[in-house]
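Below is one structure, written out as structure tokens, with a few remarks after it.
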Amino acid sequence: MPKEYLPQIRRIAINTGGGDAPGLNAVIRAATLAALDNGWEVLGIRRGYMGLLNDEVDGEPGLVNLADRVRGITHLGGTILGTTARGNLFGLEPRQPDGTWGPEDPSDEIIQRFAELGIDALIAIGGDGSLKIAHRLFLKGLRVVGVPKTIDTDLGATDMTFGFQTAVDVATEAIGRLHSTAEAHQRVMVVQVMGRHTGWIALESGLAGGADVILVPEISYSVDRIAAKIAEREANRRRFSIIVVAEGARAAGGSPSYVEGTGRYGGIADRLAAEIEAATGKETRTLTLGHIQRGGSPVPYDRNLALRFGAAAVHAVERGNYGCMVALQGKSVRSVPLGEAVTDIKRVDPLGEVVRTARRLGVSFGD
Ligand code: F6P
């Protein structure tokens, strides 16, 4: 489109919220370079919306001019803008159960700050929580374009999110490495991977890494079935077993495992290992991969998807297509309405082709 037909945009802002995912910096770079190419100014907001509501964040200016900050960052993990704890993008008290911020709701102040600063549009990069906030701000009049981010790749509106392939890569490497040591000691190894509500990382890394048992939140397990799989392997003189478990997996009729005193998932591997050891008599050890799945450099797939999302977000601003989220659909990056995009979680289909393939290869899902 010739530049003179672009809507009257002079200055945009970008922020990142919620847990980090490898590829965030690639989105920031692509969006910034595409915006600069349009002659726009690009401000980065530090740590969610904190840099908008505070002149300084962590001793640095709350807003950064991104023009000269995006060189050589495509391969870097984390986010040069920093982020905030999940669900607390404002650095304020957590949300009320109904999704509002009660007396502390800063959304009007945020909108006013955008107007004061002459920021014409916001590119908000975040997971479901951050995108819900972005949608609320859009409904209150802010020009917003969302970019989906989660290593769990569980947003219904997009076929893939950046960071997922990197997480699968890290987990697959770890599972692969465990085989030789598990076999040497004839042990059972339980590997806990991320995935609060969905088992995509467990499924794909478990399949690629040659796990014997894969446990996902979508298929509840029984320890007896897992023990039966281990016994079957023993009978075939396979005296070790590798079990991959998503952190949100649960036993049939049971509840997920939480870190005591927090709302965070955690501890499923240790709980399961004790139960398996009791049921099989085999020494069972655990490995919790944790944040290593999110850290470090994104794999090329994630870099490219993130770059495409960043450029597409600017394209949406160019067209005045606000209140949308960029998404991968098939081979193309498109835009979908934000309101719809954040409601639908994409779960592993227990009857789907990937699960069926794994079962045919002898993988147990503990059911
Ligand atoms: O949402 C992505 C995710 O990786 C989850 O799978 C995991 O439970 C969560 O983030 C952990 O994030 P943090 O510990 O940083 O809050």
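Remember, predicted model here, so these are calculated numbers, not experimental data. Remember, it's 1-based here, ligands and their atoms both numbered in the order they're listed.
- Using a 4.0 Å heavy-atom cutoff, Gln293 is absent from the residues neighbouring ligand 1.
- Judged as a side-chain hydrogen bond (donor to acceptor under 3.5 Å, both in side chains), and not counting sequence neighbours, Arg10 has no contacts.
- Contact annotation: for Glu247 versus ligand 1, heavy atoms closer than 4.0 Å belong to the side chain alone.
- In the vicinity of Ile151, heavy-atom distances shorter than 4.0 Å reach the ligand 1 atoms 4 (O).
- For CD of Glu260, the number of neighbouring non-hydrogen atoms (other residues, nucleotides, ligands) closer than 6.0 Å is 12 at most.
- The two residues Thr83 and Asp20 have their closest heavy-atom pair at CG2-N, 4.5 Å.
- Scanning for side-chain hydrogen bond (donor to acceptor under 3.5 Å, both in side chains) contacts around Arg143 gives an empty result, with sequence neighbours left out.
- For atom 11 (C) of ligand 1, the nearest non-hydrogen atom from the set Arg264, Lys149, His197, Arg294 comes from Arg294.
- The shell of residues lying under 4.0 angstrom from ligand 1, judged by heavy atoms, includes Gly195.
- The pair Asp367-Arg359 counts as a salt bridge, with a side-chain nitrogen and a carboxylate oxygen less than 4.0 angstrom apart.
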